[in-house]
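In listed order, ligands and their atoms are each counted from 1. Computed over heavy atoms, backbone and side chain alike; hydrogens, waters and symmetry mates excluded. Keep in mind it's a predicted model, so treat the numbers as computed, not measured.
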Amino acid sequence: MAIKVLINGAAGRMGRRLCCLAAEDEHMQLVGGLERVESPSIGKSLKELEPLLQCGDDIRLHSNLSDVSPQPDVIVDFSAPAASMKLAEEAASKGIALVIGTTGLTEEEDKKLHSHSAKVPMIHAMNYSLGVNLVFRLSADIAKALGDDFNIEIVEGHHNRKVDSPSGTAFGIADAVCAATGRTRADLVHGRSGQVGKRTRREIGMHAIRLGSIVGDHTIHFGSDFERIELTHKAQDRDVFAAGALRAAKWLAGKPPALYDMQDVLFGGK
Ligand SMILES: NC(=O)C1=CN([C@@H]2O[C@H](COP(=O)(O)OP(=O)(O)OC[C@H]3O[C@@H](n4cnc5c(N)ncnc54)[C@H](OP(=O)(O)O)[C@@H]3O)[C@@H](O)[C@H]2O)C=CC1
Ligand SMILES: O=C(O)C1=N[C@H](C(=O)O)C[C@H](O)C1
């Protein structure tokens, strides 16, 4: 049976691609989209919003989860921190699984968001591409193998409409390295400027560029006095994130409540 899927942030850059790919997927039934109540498109057919969409005229954009019929099995949410937090609470109370892609939440917000996984299965991945999830693993392995003589810096680049910095993915790479090497987020140093003094061995520099239409570039640099390694991932198209999130949605539907990871989807685990 097809999995009923609802897209939160449906009119956004990611939302539109998620709607299109979900509508084209024979194992999915797109039941609607959500946007904020102020959106001028509320009530409109998703097809009116996105001409590429292959679905019935009755699949609409709503501002309220309770207005969506039939109720979705899974919500895929790529919106904004406050929107994800509010929706997750409501989805959890209705027993709807959550695939969340929103970045830019504080550590406290993350904790609150993830607490709903006690009631419903949830994935909140900073990046849904296979390549980036391999970079998470490889970065941790390399950092562990190189030890303390190598400095680590992370540089990310995104389009000029991105509102959070550094990217969720840059945090994801840093978190993987921290977990592998006994560091914490307190060791991250963001965009040095002024008389900051010599870098410490432990610190991980975090740097962001915002430029034109970059879909998502991430490089982790490892450097000693004698040699350097650079591991780079470049996303070429947003569909890599959208397709990954829908793959996660299919994997998640019917799982018991818990906080899962894209690593579980791609490489097995829980
Ligand atoms: N994990 C991953 O693999 C990826 C994550 N992302 C993340 O996904 C998020 C969205 O990115 P992107 O699509 O580029 O951004 P957009 O701004 O294009 O889209 C976000 C959409 O969410 C809408 N929105 C805001 N508030 C609400 C609300 N209360 N209820 C419903 N919808 C709301 C926005 O509406 P409005 O314009 O009116 O504010 C907008 O249409 C970002 O956090 C981004 O970092 C992006 C790509 C990949
Ligand atoms: O906002 C974006 O566009 C992206 N956001 C995610 C992030 O913050 O890491 C993932 C991807 O790089 C695109």
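If you check which protein heavy atom lies closest to atom 40 (C) of ligand 1, you get Glu35 OE2, 3.7 Å. Nearest protein neighbour of atom 30 (N) of ligand 1, counting heavy atoms only, is Arg36 N, 3.5 Å. For atom 5 (C) of ligand 1, the closest non-hydrogen atom on the protein side is Gly101 O, 3.0 Å. In terms of protein heavy-atom proximity, atom 43 (O) of ligand 1 is nearest to Thr103 N, 3.1 Å. Regarding atom 3 (O) of ligand 1, its nearest protein heavy-atom neighbour is Tyr128 N, 3.0 Å. At the shortest separation from atom 19 (O) of ligand 1 among protein heavy atoms lies Gly12 CA, 3.3 Å. Of the protein's heavy atoms, Phe78 CD2, 3.6 Å lies nearest to atom 8 (O) of ligand 1.
Where the criterion is an N or O separation shorter than 3.5 Å, residue side chain and backbone included, Thr102 fails it with respect to ligand 1. No N or O atom of His159 sits closer than 3.5 Å to an N or O atom of ligand 1. For ligand 1, one of its N or O atoms has an N or O atom of Arg13 under 3.5 Å away. Where the criterion is an N or O separation shorter than 3.5 Å, residue side chain and backbone included, Ala83 fails it with respect to ligand 1.
Within a 6.0 Å radius of NZ in Lys112, other residues, nucleotides and ligands contribute 12 heavy atoms or fewer.
For the atom pair CD1 of Ile100 and CD1 of Ile75, the computed distance is 9.0 Å after rounding to the nearest 0.5 Å. The line from CG of Asp239 to SG of Cys20 is 8.5 Å long, rounded to the nearest 0.5 Å.
Between Arg60 and Glu48 there is no salt bridge, since no side-chain N of the basic residue sits under 4.0 Å from a carboxylate O of the acidic one.
Contacts of Asn8 with ligand 1, taken as heavy-atom pairs under 4.0 Å, involve the side chain alone. Counting heavy atoms under 4.0 Å from ligand 1, residue Phe241 touches it through the side chain alone.
Among residues two or more places apart in sequence or in another chain, the side-chain hydrogen bond (donor to acceptor under 3.5 Å, both in side chains) test is passed with Arg228 by Glu230.
Side-chain contact annotation: Arg202 with Thr200, donor-acceptor N/O pair under 3.5 Å absent. Between the side chains of Glu156 and His207, no donor-acceptor pair of N or O atoms lies under 3.5 Å. Residues Asp57 and Ser45 bring no donor and acceptor atom of their side chains to less than 3.5 Å of each other.
Checking atom 37 (O) of ligand 1 against the protein gives no heavy-atom contact under 4.0 Å.
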From CA spacing to verdict: ring pair (Phe, Tyr, Trp, His ring centres under 6.0 Å), His218, His158: CA-CA 9 Å; His218 294 87; His158 281 87; 5.2 Å; yes
Audit row: Phe78, Tyr128, ring pair (Phe, Tyr, Trp, His ring centres under 6.0 Å) steps and yes/no: CA-CA 11 Å; Phe78 283 66; Tyr128 281 91; 5.8 Å; yes
Verdict with reasoning, Asp217 to Thr232, per side chain to side chain contact (heavy atoms under 4.5 Å, CB included): CA-CA 7 Å; Asp217 292 355; Thr232 295; 5.8 Å; no
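A pairwise comparison of heavy atoms in Leu30 and Cys19 identifies CD2-O, 3.7 Å as the closest pair.
For ligand 2, the 4.0 Å heavy-atom shell takes in Thr103, Met126, Asn127, His158, His159, Lys162, Asp164, Ser167, Gly168, Thr169, Val215, His218, Phe241, ordered by chain and residue number.
In this structure, Ala125 is part of the shell of residues with a heavy atom less than 4.0 angstrom from ligand 1.
The side chain to side chain donor-acceptor pair (under 3.5 Å) test with Asn127 is passed by exactly one of Thr169, Thr103, Asn133: Thr169. Exactly one of Leu49, Ile7, Leu46 qualifies for a side chain to side chain contact (heavy atoms under 4.5 Å, CB included) with Arg16. That residue is Leu49.
The closest non-hydrogen atom to atom 10 (C) of ligand 1, taken over Ala11, Ala80, Ser79, comes from Ser79. Of the listed residues (Met126, Met262, Lys162), the one carrying the non-hydrogen atom nearest atom 1 (N) of ligand 1 is Met126.
Atoms of ligand 1 lying under 4.0 Å from any heavy atom of Met14, numbered from 1 in the order shown and given with element: 13 (O), 46 (C), 47 (C).
Both cation-pi conditions hold for Arg185 and Phe171: the charged atom is under 6.0 angstrom from the six-membered ring centre and inside a 45 degree cone around its axis.
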